[in-house]
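The model shown is predicted, which means the values in this text are computed figures rather than measured ones.
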Amino acid sequence: MQAKKTPAEREPATSGKRLPSPFWIIVQKEFGDHLRSWRFTILIGIVTLACIGSIYAAVTAIQAGVKSQESDTSFLFLQMFTASDGTLPTFVTFVSYLGPLIGIALGFDAVNSERNKGTLSRLMSQPIYRDDFILAKFTASLLLITVVLFSLGFLVMGLGLFTIGYPPTPEEVMRVVLFLLVAVVYVGFWLNLSILLSIRFRQAATSALSGIALWIFFSVFYSMIIGLIDKATAPSDTSSVTAVLDHYNAMMMLNRISPAYLFSEATSTLLMPGVRSLGPLTTEQVVGAIASPLPLMQSILLSWPQLVGLLAATMICFGISYALFMRQEIRSRS
C-alpha cells in the first residue's frame, strides 16, 4: 500500500519561487524574435548607413561654415543633427522618413501572423489575458525602437565629438535626449497604427501595404493637398491682416493633422534654440524682442502641444486596437 504524502511533499518544486508573469515572458520572446529577424537587420542596416551619411554631410557643412565664419558657433554640437551640406538630408530628416518604416515593419504582422499560423488560439488557451498579449506585443517592439533610436543618437554624438572635437554642453545633451524621446513617441505612433492594421486585416501583406500607403500619404501627398487648399482659399492682396492670419492659422491646423509635421515642429524647437515661435508674429510682437536663443524650458513649453498631439494619436490607435482585439473571436484552426 502506497504511503500517503505529506503536504510538504505535495508542494511543487517551484514553491517559494515567484514565477515571471506571462506578460514579461511574451515581451522577452517577442524582443528576441525581432532581434533575430532578417527584416529588422536589413532595416537597421539601411537606417545606420543613412545616419552615417548624414553625419558626414553635417560635419562637412560645419567645417565649411567655420572656415568661412558664416555659421553660428553657439550650440555647434546640435548642428550635427540639423546641418547638411546639401548632398544628403539631415539626421532629423532621415529619422522622420525612415523611422515609420521601422514601426511598420515591427507591427504589421503582430497579430494576423499568429492567427494564420494557428498559434494565437493555442496561446489564448493558456492562462494568459488578452490585454497582456496585445500590450506585450506593443511593449516589446517599443523597447526595441527605444534601444535603436538612442543607440543611433549616441552614435551621432560620439562621432561628432570625435570629428569636430567640440564637447557638448549639458543643455545640448538634454536637448538631444528629449529629441530622441520625441522620436520614440513618433515611431511608436506608426507601430501602434501597424498593430491596428494587423488586427483589422487577416493577411499580413494587406496590413503591410496599408501601413506603407498611409506613410507615403502623410510623408508626400498630404503636404501637396494642403498646398492646393492653401492656393485655392488664399485671401486676396487687399484683405485685412486679421483675414490673412486666420487663413494662415487654418492651414497650420490642417498641417498639424499629419504626425510627420508635428514631429518636425517638435524637433525644430528642441534642436534649434533660435526658433522662438511656430506661428505667425505680428509687428507689435516682434518690436522689442531680443534676438537670443530660447532656454531649454521655454523650448520644451513651445514643443509641448506637438508632443501631446503625438501621444494622443498613439493612445487613440492603441485604444482602437485594444477594443478590436478584445471583441474578436479567436477560433482554432481545424
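The two residues S207 and F201 make their nearest non-hydrogen contact at CA-CD1, 4.2 Å.
Within the model, atoms OG1 of T269 and CD of Q306 stand 6.5 Å from one another, a figure rounded to the nearest 0.5 Å. With rounding to the nearest 0.5 Å, the separation of CZ in F133 from CD in E30 is 7.0 Å.
Ring pair F138/F318 is tilted by interplanar angle, where 30° to 60° counts as tilted.
Y56 and M157 are members of different hydrophobic clusters when ILVMFWY side chains are connected at heavy-atom separations under 4.5 Å.
M80 has its side chain within reach of I55: a pair of non-hydrogen atoms, C-beta onward, lies under 4.5 Å apart. Residues L191 and V187 form no side-chain contact, since every pair of their non-hydrogen atoms from C-beta on lies 4.5 Å or further apart. A heavy-atom distance below 4.5 Å is found between the side chains of T48 and I44.
The main-chain N or O of N255 is never found under 3.5 Å from a side-chain atom of S258 such that the two would form a donor-acceptor pair. Using modelled atom types, no side-chain atom of R175 and backbone atom of L271 make a donor-acceptor pair closer than 3.5 Å.
Remark: R202 CZ is loosely packed, at most 12 non-hydrogen atoms of other residues, nucleotides or ligands lying under 6.0 Å away. No more than 12 heavy-atom neighbours from other residues, nucleotides or ligands sit within 6.0 angstrom of CE on M315.
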Without placing hydrogens or testing angles, list every side-chain donor-acceptor pair under 3.5 Å for residues 211-230, not counting sequence neighbours.
from : atom 1 : to   : atom 2 : distance (Å)
W215 : NE1    : Y97  : O      : 3.1
W215 : NE1    : S219 : OG     : 3.3
S219 : OG     : W215 : O      : 2.8
Y222 : OH     : L254 : O      : 2.4
S223 : OG     : V220 : O      : 3.1
D230 : OD1    : H247 : NE2    : 2.5

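For F150, the side-chain contact (heavy atoms from CB on, under 4.5 Å) criterion is met by T146, F154, V177, L180, L181, V184, not counting sequence neighbours.
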